[in-house]
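As a basis for the values below, the full set of heavy atoms in this structure was taken, side chains included, without hydrogen atoms, waters or symmetry mates.
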Amino acid sequence: MKPYHTLLIFLTLRLISALPASAQSRSLTMQSAVGLALEKNRDLQVAMLETARATEKVREARSYALPTVSASAQYLYFPLKQVSFLPGSFVGLGENDLATFRVGGSNALLGGVAVSQPLFQAGIGSGIRAAQIFEKASAEERNEVRATVVTDVKKAYLDVLITQEQLRLQQQSLARNEQALKDARSLLAQGRASRVDTLRAFVSVENLRPEIIRLTNRVEITKTVLKRTVGLDERETVELQDSLHYDPAAFAAPGTDAFLDAVQARPEVHRLELTEKLNREQIALQTAERAPKLSAIGLLQSQAQANHLRVDQYSWPLSSYIGLQLNIPIFSGFRTVSRIQQAVISRQQSETQLLNLKEIVRAQVKISLSTVEESRLRIATQQQTVTVAELGYRITRDRWKQGIASRLDLSDAELSLTQAKSNYLQAIYDYLTATVELDKVLGRIQF
């Protein structure tokens, strides 16, 4: 048994032994892989949690318009009772003297309920609107993550497909070279070929084995990347059901206004537009800090004191008040002015970022359309090249068997055929990858 055969058998046994005894292979189409990713991808789960957090921020902003109710309770022990001061004339002292008395009990209990209701607070409305805009921006960011996840899953799926096809192509090349080696040995036995031709055929066969080992390992690596992108356990085995093929009818060409369609559909653009609105609300929110704040307030309180801890014997008198509280900002050390300026600068930044993003989208649309068209032309060219290379290989093989062509001619023909098929596969892969990227650039990924 040849060393490479032994190594392949060893690697196969190691892979089999590494799998769990109960492992079952999961069949995946590209569409099912995308569906699983939308359910299991951790980046998307984080984005969905961020959207949920933004929803709670809206709820928090609305709560500032609602009344605040708080209850309090307090227990105090006085080793030395509280002191009160009275005019000295009350106890026969001089008019300028003060008399001191220790009053109250050693134990004091105090409890009450306080209520505050905002009546006028300019920043509440802006705060609610800002929170609602932030919630929408968070939803667009989630859509942006979804588009990225869908694109990454499709690309990872295509990476597995082309690696499997490259492995299959090398295996076909190996089979052709092994047949050529077999023919060379037969011709050598008949005295119709030289020993050098046989050695060249043998070297060609053995040179292909390391590439097959590399591609076999590469298939497992690309599957691992696919499983991680989808969100599957890396120990799970997957089998891909789709194939790497070119279907020109499956491509939906964009309209004449592809750039405008992309700007209207891209979640990144929507998010920045909402960010700009959010920054405008932040300016209004910070400006509202200069306005007066009016609230209705109330308190119901009860307290008791005694020199013992028999609470059931305490007397609990009630006291209460209701009223209005007005807060008028006068000077805050220029903090409010600084915050307003920060909000203005943030708005200017978001406006610039939005203009820049639109230019980036314009360039991405142009580049993606060009890449798709280029790969389509390459596919058409490589289809003809593969046909010619197959014909050339068959003719050269027949001529070699007849002793007309040299072994070097046959090697060149086989190499040209393998290269032509490889270029054709690469062109299809580039086309499919370009269409996936174009869908993302145009915002055609559905949510």
| said: Closer than 3.5 angstrom, by distance alone: can the side chain of Lys223 be matched with the main-chain N or O of Val238 as a donor-acceptor pair? | reply: yes
| request: Give a yes-or-no answer on whether the side chains of Glu414 and Thr418 include a donor-acceptor pair shorter than 3.5 Å. | output: yes
| said: Looking only at side-chain N and O atoms, does Glu135 offer a donor or acceptor that is under 3.5 Å from a partner on Thr55? | reply: yes
| Identified side-chain contact (heavy atoms from CB on, under 4.5 Å) counterpart of Leu44 within the set Val145, Thr148, Val150 | Val145
| message | Any salt bridge linking Glu56 with Arg53? Criterion: basic side-chain nitrogen under 4.0 Å from a carboxylate oxygen. | response | no
| Would you call Arg347-Glu351 a salt bridge at under 4.0 Å N-O? | yes
| Donor-acceptor contact below 3.5 Å, side chain Ser302 vs main chain Pro317 | yes
| field | Test: Glu281 and Lys277 ion pair at under 4.0 Å | value | no
| task | Please determine, by modelled atom types, if Asn279 and Ser350 share a side-chain donor-acceptor pair under 3.5 angstrom. | result | yes
| Can any side-chain N or O of Ser375 pair as donor or acceptor with the backbone N or O of Val372 at less than 3.5 Å? | yes
| query | With no hydrogens and no angle check, is any side-chain donor or acceptor of Asn307 less than 3.5 Å from a backbone partner on Ser106? | reply | yes
| said: Testing Asn423, Asp430, Thr385 one by one against Arg378 for a side chain to side chain donor-acceptor pair (under 3.5 Å), which residue passes? | reply: Asp430
| query | Quick one: do the Gln170 and Arg214 side chains pair a donor with an acceptor below 3.5 Å? | reply | no
| Is any side-chain N of the basic residue among Arg168 and Glu165 closer than 4.0 Å to the acidic one's carboxylate O? | yes
| query | Which residue, Leu357, Leu354, Leu278, forms the side-chain contact (heavy atoms from CB on, under 4.5 Å) with Glu273? | reply | Leu354
| said: Using a 3.5 Å distance criterion without hydrogens, assess whether the side chain of Asn177 forms a donor-acceptor pair with backbone atoms of Ser204. | reply: no
| field | N/O donor-acceptor pair under 3.5 Å between Ser338 side chain and Arg335 backbone | value | no
| Salt-bridge criterion met for Glu268 and Arg271 (N-O under 4.0 Å) | no
| message | Looking at Leu432, is its backbone amide N or carbonyl O close enough to the side chain of Thr435 to form a donor-acceptor pair, meaning the two atoms are under 3.5 Å apart? | response | yes
